[in-house]
Amino acid sequence: MEILINIIKKIENILLSLDNILDQEHKNLLKNTTIKELKTIFKKKEHYFNLFLQLNKERISLEKKINIFSPYENHYKLKKYWTLIVKKCLYLKKINLQNKILLNKKFYLNQYFLELFSPHQKCITYNINGNLEI
């Protein structure tokens, strides 16, 4: 059971790191940032999500072995950590949704302005007969 507690603590630490990364992503989306900066944040986020999934698989297999399952009603220590993890996951889901909305708005505005100004960037030439070629 101590191994399960350690895995849950590791999951909690990963969620705290994800919280920091999502907060950083939110701040960068509110200000003007480059795509390169956002890519590094996305890579970090992807790395921590992969770690989370890996630890979650370990947790599930260990639960099957020792026949203890979440929300761990009969085990006080496990239940305490598990409620913190659930709360943190709900909070991260909310922040991630806000970041998604900001990201979509930012790219929608960029796409809108590109479409708005695209006719001005086309080359206008005339052929030998004096007709307009686009």
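Note that the structure is predicted; figures quoted are calculated from it, not measured.
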For Lys79, what residues pass the salt bridge (charged side-chain N to carboxylate O under 4.0 Å, His left out) criterion, not counting sequence neighbours?
Glu73
Quiz question: by atom type and distance under 3.5 Å, do the side chains of Glu37 and Asn28 form a donor-acceptor pair?
no
Can you name the side chain to side chain contact (heavy atoms under 4.5 Å, CB included) partners of Lys36, sequence neighbours left out?
Thr34
Going by the rule side chain to side chain contact (heavy atoms under 4.5 Å, CB included), which residues pair with Ser61 if we only count those two or more places apart in sequence or in a different chain?
none
Evaluate the side-chain proximity of Glu25 to Phe42: yes if any heavy-atom separation is below 4.5 Å, no if none is.
yes
Holding to side chain to side chain contact (heavy atoms under 4.5 Å, CB included), I want the full list of residues that pass it with Asp23, two or more places apart in sequence or in another chain.
Lys27
With rounding to the nearest 0.5 Å, note down the distance linking CG in Leu18 to NZ in Lys88.
10.0 Å
Quick check: do Arg59 and Ser70 have side-chain heavy atoms less than 4.5 Å from each other?
yes
Nearest 0.5 Å, what's the SG-CG distance between Cys89 and Asn96?
11.5 Å
How long is the straight-line distance from CG of Leu103 back to CD of Gln98, given to the nearest 0.5 Å?
13.5 Å
Report the distance from atom CD1 of Ile68 to atom CG of Leu62, rounding to the nearest 0.5 Å.
8.5 Å
Would a single hydrophobic cluster contain both Leu51 and Leu84, if residues Ile, Leu, Val, Met, Phe, Trp and Tyr are joined by side-chain heavy-atom contacts under 4.5 Å?
no
Excluding sequence neighbours, so at least two apart, what forms side chain to side chain contact (heavy atoms under 4.5 Å, CB included) with Lys43?
none
Give every donor-acceptor pair under 3.5 Å between a side-chain atom in residues 1-12 and any protein atom, sequence neighbours left out.
{"from": "Asn6", "atom 1": "ND2", "to": "Glu2", "atom 2": "O", "distance (Å)": "3.4"}

CG of Asn99 to CG of Leu92, rounded to nearest 0.5 Å, is 10.5 Å
In terms of heavy-atom contacts, does CZ of Phe69 have more than 12 from other residues, nucleotides or ligands at under 6.0 Å?
yes
I'd like to know whether OH of Tyr48 has more than 12 heavy-atom contacts from other residues, nucleotides or ligands below 6.0 angstrom.
no
Any chain of hydrophobic side-chain contacts (each under 4.5 Å) joining Leu97 to Ile41?
no
